[in-house]
Protein chains: 2
Amino acid sequence: MSDAVDAIIGQWAKERPDVVEDLWPVELFGRIQRLARVVDKSAKATAAAHGVEHGEFDVLTTLQRSGPPYALTAGSFLKASMVTSGAITNRIDKMEAKGLVERVREGDDRRTIKIRLTEHGHEVTRAAFADHLANYARLLADVDRDLVEKTAEGLRQVLETLGDTTVK
Amino acid sequence: MSDAVDAIIGQWAKERPDVVEDLWPVELFGRIQRLARVVDKSAKATAAAHGVEHGEFDVLTTLQRSGPPYALTAGSFLKASMVTSGAITNRIDKMEAKGLVERVREGDDRRTIKIRLTEHGHEVTRAAFADHLANYARLLADVDRDLVEKTAEGLRQVLETLGDTTVK
DNA sequence: CTTGATAATCTCAACGTTGAGATAAAAGCA
DNA sequence: TGCTTTTATCTCAACGTTGAGATTATCAAG
């Protein structure tokens with residue numbers, strides 16, 4: 001059997017035999033890229049079913065898993081979410097309008113604002129996250145469980161080597 | 001050692017012990033998502049160094065590896081690139097303006113257009129792709145080669161199961 | 001205190017993508 | 001031949017993100 005990445009590498013081997021020896025990272029990164037798109041598209045649909053954007057869902061789950069008081073600074077999302085500041089401001093604006101979160105100024109430093117999950121936000125997150133996990137399980141339903149674990153372990157070592165070790 | 005995904009799962013385990021048993025797909029998909037962002041960001045910078053967008057680089061390499069006559073229909077990009085038709089039209093517009101590709105109508109079917117790599121497009125692709133592979137190799141420089149292969153093989157099986165088997 | 005530097009968030013124009021609809025050509029069928 | 005359906009591409013407004021710069025607050029020195 002072969003997948004889309006095998007096909008791509010096969011094409012390169014024929015057209016550019018001079019680069020064949022340098023294609024081995026494509027075996028890993030090419031598959032990561034394709035899988036990410038498939039999984040993201042699926043996750044996006046799940047979030048949409050609950051009326052939230054993909055990025056908004058990310059904010060919701062980050063807040064919920066942070067535990068009480070379910071409030072984090074805007075800056076912490078910046079570091080954790082791998083997007084720029086403008087995107088965060090935009091997300092919070094829309095989520096605030098939907099009543100999912102609220103901006104609160106507390107503490108000594110009045111530059112910082114905290115984004116706090118509202119009760120409504122909690123409910124949406126619980127429902128959406130349950131669907132999200134069910135969707136994930138569905139995607140992997142026909143994949144050997146042991147293979148999933150071993151592959152995930154391999155990816156973890158790559159992530160560690162690349163320095164992606166903290167959520168911040 | 002632990003990575004960002006371990007930290008995320010650890011937070012869930014504490015805040016939502018009821019979902020712990022359903023988190024196993026996150027071990028795989030969470031890492032795929034994070035790695036995809038890191039790798040994409042890096043690849044984007046490499047492409048930018050050659051004056052092309054990430055998506056444009058995708059079109060260039062797809063054309064080059066397709067072999068002579070280095071021309072494909074717009075529709076084939078649609079199926080291969082996982083983006084919508086508007087994005088393809090937009091990409092080709094800009095690439096045509098840069099002299100990287102040209103639209104040609106040939107053959108019996110006058111609905112179809114073929115996107116053909118220009119000589120300049122060929123040169124840019126060769127240079128950018130060489131840099132791209134060097135960048136990929138650099139990212140994996142400190143990762144055990146055998147681990148890369150085994151992990152890639154695991155991902156291939158997941159892709160096959162999800163049905164991503166052709167480039168089209 | 002002031003001054004300068006640093007830090008946190010917001011603003012906003014430019015950009016690429018989405019997705020529904022438009023346009024036009026080809027194919028199927030009576 | 002006409003008529004409908006299908007196929008291929010383009011149009012365009014809405015959307016989320018980027019990234020540089022503005023704004024406001026805090027901190028560190030003198």
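Given the structure is predicted, the values throughout are model-derived calculations rather than measurements. In what follows, chains carry the letters A, B, and so on, assigned in the order in which the sequence lines appear, proteins first and then strands, with residues in each chain numbered from 1.
One N or O on the side chain of Lys98(A) and one on the backbone of Gly51(A) form a donor-acceptor pair closer than 3.5 Å.
By the 30° and 60° cut-offs, the orientation of the rings of Tyr136(A) relative to His132(A) is tilted.
Counting any heavy atom pair closer than 4.0 Å across all strands shown, Thr89(B) reaches a base atom. Here Arg103(A) lies in heavy-atom contact (under 4.0 Å) with sugar-phosphate atoms only.
Donor-acceptor pairing under 3.5 Å is lacking for the side chains of His54(A) and Asp40(A).
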For Arg116(A) and Glu102(A), what are the C-alpha separation, side-chain angles and deciding distance, and is it a salt bridge (Lys or Arg N to Asp or Glu O under 4.0 Å)? CA-CA 5 Å; Arg116(A) 187 166 58 199; Glu102(A) 52 191 0; 3.3 Å; yes
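For Arg105(B) and dT9(D), the CZ to P distance is 9 Å, given to the nearest whole Å. Between Ile92(A) atom CD1 and dT9(C) atom P the separation is 10 Å, expressed in whole Å. For the pair Leu78(A) CG and dT9(C) C1', the interatomic distance rounds to 9 Å; values are reported in whole Å. In this structure, Ile113(B) places its CD1 atom 17 Å from C1' of dA26(C), rounding to the nearest Å. If you measure from atom CZ of Phe77(A) to atom P of dT9(C), you get 10 Å, rounded to the nearest angstrom. In this structure, CE of Met95(A) is placed 14 Å from P of dC10(C), rounded to the nearest angstrom. One can place NZ of Lys114(A) at 15 Å from C1' of dT9(C), the figure rounded to the nearest angstrom. Atoms NZ (Lys98(B)) and P (dC15(C)) sit 11 Å apart, rounded to a whole Å.
Nearest-nucleotide positions on DNA chain C place Thr73(A) closer to the 5' end than the other of Thr73(A) and Glu53(B).
Of all the heavy atoms in Ala4(B) and Arg34(B), the pair that sits closest is CB-NE, 3.3 Å.
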Annotated protein contacts, base or backbone, on nucleotides 17-23 of chain D with a non-hydrogen cut-off under 4.0 Å, one of B, S, - each: BBBB---
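Among dA25(D), dT9(C), dT9(D), the nucleotide with an atom closest to any side-chain atom of Thr112(B) is dT9(D).
Taking the six-membered ring for Trp and the full ring otherwise, Phe29(A) and Trp24(A) have centroids separated by 6.0 Å or more.
Within a 6.0 Å radius of CG in Asp146(B), more than 12 heavy atoms belonging to other residues, nucleotides or ligands are found.
With hydrogens and angles ignored, no donor-acceptor pair under 3.5 angstrom links the side chain of Arg111(B) to the base of dA26(C).
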